[in-house]
Amino acid sequence: MENKSAASNFIKTIMMDDLKEGRVTNVMTRFPPEPNGYLHIGHARAITINFELADEFGGKTNLRFDDTNPLKEDVEFVKSIQEDIKWLGFEWDGLYFASDYFEEMYNRALVLIKKGLAYVDDQSADAIRETRGTLTQPGKESPFRSRTIEENLDLFTRMRAGEFKDGERVLRAKIDMASPNINMRDPVIFRISHTHHHNTGDKWCIYPMYAFAHPLEDSIEGVTHSLCSLEFEDQRPFYDWVIRETEMPHVSRQYEFGKLKIAGTIMGKRYIKRLVETGVLDGWNDPRVFTISGMRRRGFTPEGIKSFIREAGVSKSNGTVDPRMLEHFIREDLKLKAPRTMGVLKPLKVVITNYPEGQVEMLDAEVNAEVPEMGMRKIPFSREIYIEQDDFMENPVPKYHRLFPGNEVRLKHAYFIKCEEVVKDEAGNVVELRCTYDPETKSGTGFTGRKVKGTIHWVEATSAVPVEFRLYDQLVADKTDEEEEGEGGDDLLSAINPKSLEIVQGFIDPGIKDVQPEDKFQFFRHGYFCVDSQTSTPDKPVFNLTVSLKSSFSV
RNA sequence: UACCCCUUCGCCAAGUGGCAAGGCAGCGGCCUUUGAAGCCGCCAUCCCAGGUUCGAAUCCUGGAGGGGUAGCCA
């Protein structure tokens with residue numbers, strides 16, 4: 001069951017007060033991605049925050065593609081974004097495109113021009129930048145700032161009609177070139193771009209800028225609380241200015257919250273792109289990157305991801321969380337859902353010398369001992385089995401409970417075995433163990449004659465299914481800051497953890513051989529694994545390590 | 001050095017003037033056919049300095065530290 005009663009946060013407080021004081025009569029939020037890339041866990045957080053906050057107050061949430069820049073957008077992404085949101089388990093109320101509002105936006109710009117609050121500027125982009133001033137010095141007014149309303153109306157109409165080339169003119173809001181807030185120094189609100197748009201085709205050659213478009217989009221849809229990240233704080237005065245001066249009937253309000261990074265991973269689009277191009281990652285859905293598709297392929301669950309997001313909270317400070325917190329919630333969700341079975345990653349053969357040759361017996365095992373309703377299954381046992389290489393030490397370290405010469409351990413679901421002999425190759429490597437078993441110690445018989453300290457997992461040798469295991473670790477060190485890894489992420493390549501992916505060939509219990517992509521299991525004493533959706537085949541299953549089990553022991 | 005924002009346990013984060021929630025991590029112990037899980041217990045006086053107040057993490061003033069903003073990107 002998902003925990004939905006997360007702690008309070010400042011946005012929830014604002015919504016509650018707004019409702020109580022009658023400033024709003026309902027809550028309406030929106031998730032407004034630009035369709036220019038794949039969603040990642042940061043988006044999952046924005047999605048969860050928007051949808052669940054609205055839901056908590058009986059409100060609604062729209063999905064709105066903020067597609068005001070045709071140069072960067074593609075339908076490919078409008079599809080993948082919708083799939084990702086659905087996979088997370090959210091249903092949007094309305095599905096909209098900012099580009100559907102272009103006509104309305106154009107008309108609102110006309111309102112501004114008629115009020116003398118917008119003008120067409122013929123200056124070049126460079127000239128505009130140079131006269132904007134700096135952080136400490138005011139800007140200079142454009143020589144075109146005092147054009148008449150008629151002239152502006154004429155020019156803007158002709159901009160729309162396609163009479164000018166890209167960059168020749170822009171429409172600017174007329175506010176205050178000396179404002180200490182640079183966003184108020186006559187920001188550009190429409191630019192010319194003769195570019196095909198994925199939704200509007202070639203109907204438009206002028207496109208509104210985000211800062212002008214967004215408040216209008218929100219207002220048109222009746223959004224009450226427009227949530228965005230901290231870097232938009234300085235744009236709020238302009239957001240309010242647009243709604244007020246264009247005389248939009250519905251007043252939306254913008255609130256900003258901090259982004260939450262996860263240590264040890266890369267989130268930036270350009271960096272992931274770089275790593276995909278150089279072959280470090282095998283795609284945008286590589287299980288090591290926290291794109292939604294990557295997490296899905298890794299075996300993370302929507303419920304686990306959402307629990308993590310709720311528990312991490314929302315505030316006005318930017319933070320970085322320990323990836324172990326995310327892992328905790330993934331484990332917690334998988335704990336009662338995933339069947340538990342045995343898989344040996346690094347096999348070591350064991351021959352049970354006193355077990356009858358040729359005999360195979362079927363042992364009973366719970367599918368998940370914590371969930372009896374999941375039932376029982378049978379697993380084969382015989383004279384030859386594989387155990388984990390790490391579960392044997394010829395010269396055991398102190399407190400080692402596993403197998404070593406002369407020691408007895410329990411084989412999960414089976415018998416006690418005792419290590420009698422170690423077989424080595426010429427190089428001195430241990431290649432086989434010869435053990436004896438005690439029939440009286442069979443699991444389920446209630447044997448209490450003696451106790452052993454260790455229980456280890458195993459698979460029967462003749463029926464074991466060969467599989468590939470892909471073990472993942474953090475992509476980069478905890479403190480790696482992608483922003484500081486050189487132009488284009490050059491230095492990022494050397495920051496990659498060489499152990500972020502380790503591939504091993506092992507065996508699993510034959511009981512689960514007919515696996516489907518994304519099927520999830522817990523392999524005893526290892527962790528949760530998920531059948532890889534890209535490379536697994538019926539002949540050679542491939543399992544991704546979703547998250548390992550915790551361990552208080554290490555050699 | 002212009003404007004805006006932030007500063008509570010190792011990491012997230014509640015708290016909105018009345019004696020510091022919770023989660024993760026960590027540390028003990030119990031239990032255990034996963035060294036898992038589970039269970040029990042431990043783990044901060046709130047960046048600093050003044051001030052207001054019977055009383056301040058919460059209000060005020062001044063510092064310090066961190067972040068954001070100068071796209072015809074979003």
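- The side chain to side chain donor-acceptor pair (under 3.5 Å) search around A:E408 returns A:R450, not counting sequence neighbours.
- Between A:F523 and A:F521, the two ring planes are parallel [angle under 30°; tilted spans 30° to 60°].
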Tabulate atom names and distances for all N/O pairs under 3.5 angstrom spanning the protein and nucleotides 30-32 of chain B.
none

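- The nearest heavy atom of RNA chain B to A:H526 and to A:F232 marks one nucleotide each, and the one closer to the 5' end goes with A:H526.
- Note on residues 37-49 of chain A: pairs passing side chain to side chain donor-acceptor pair (under 3.5 Å), not counting sequence neighbours, are A:Y38-A:E76.
- By the side chain to side chain donor-acceptor pair (under 3.5 Å) test, A:E373 pairs with no residue at all, sequence neighbours left out.
- Map A:F329 and A:G444 each onto its nearest nucleotide of RNA chain B; the residue landing nearer the 5' end is A:F329.
- Close to B:C72, at under 4.0 Å from its OP1 or OP2, lies a side-chain N or O of A:R132.
- Closest contact between the side chain of A:R191 and the listed nucleotides B:C72, B:G38, B:U33 involves B:C72.
- Proximity of A:H401 to the phosphate of B:G35: no side-chain N or O atom is located under 4.0 Å from OP1 or OP2.
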With B for base contact, S for sugar-phosphate-only contact and - for none (protein heavy atoms under 4.0 Å), nucleotides 3-15 of chain B reads SSSS----SSSSS
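- Checking the phosphate oxygens (OP1, OP2) of B:C72, no side-chain nitrogen or oxygen of A:S193 falls inside 4.0 Å.
- Of the residues in residues 368-377 of chain A, those lying under 4.0 Å from RNA chain B by heavy-atom distance are A:E370.
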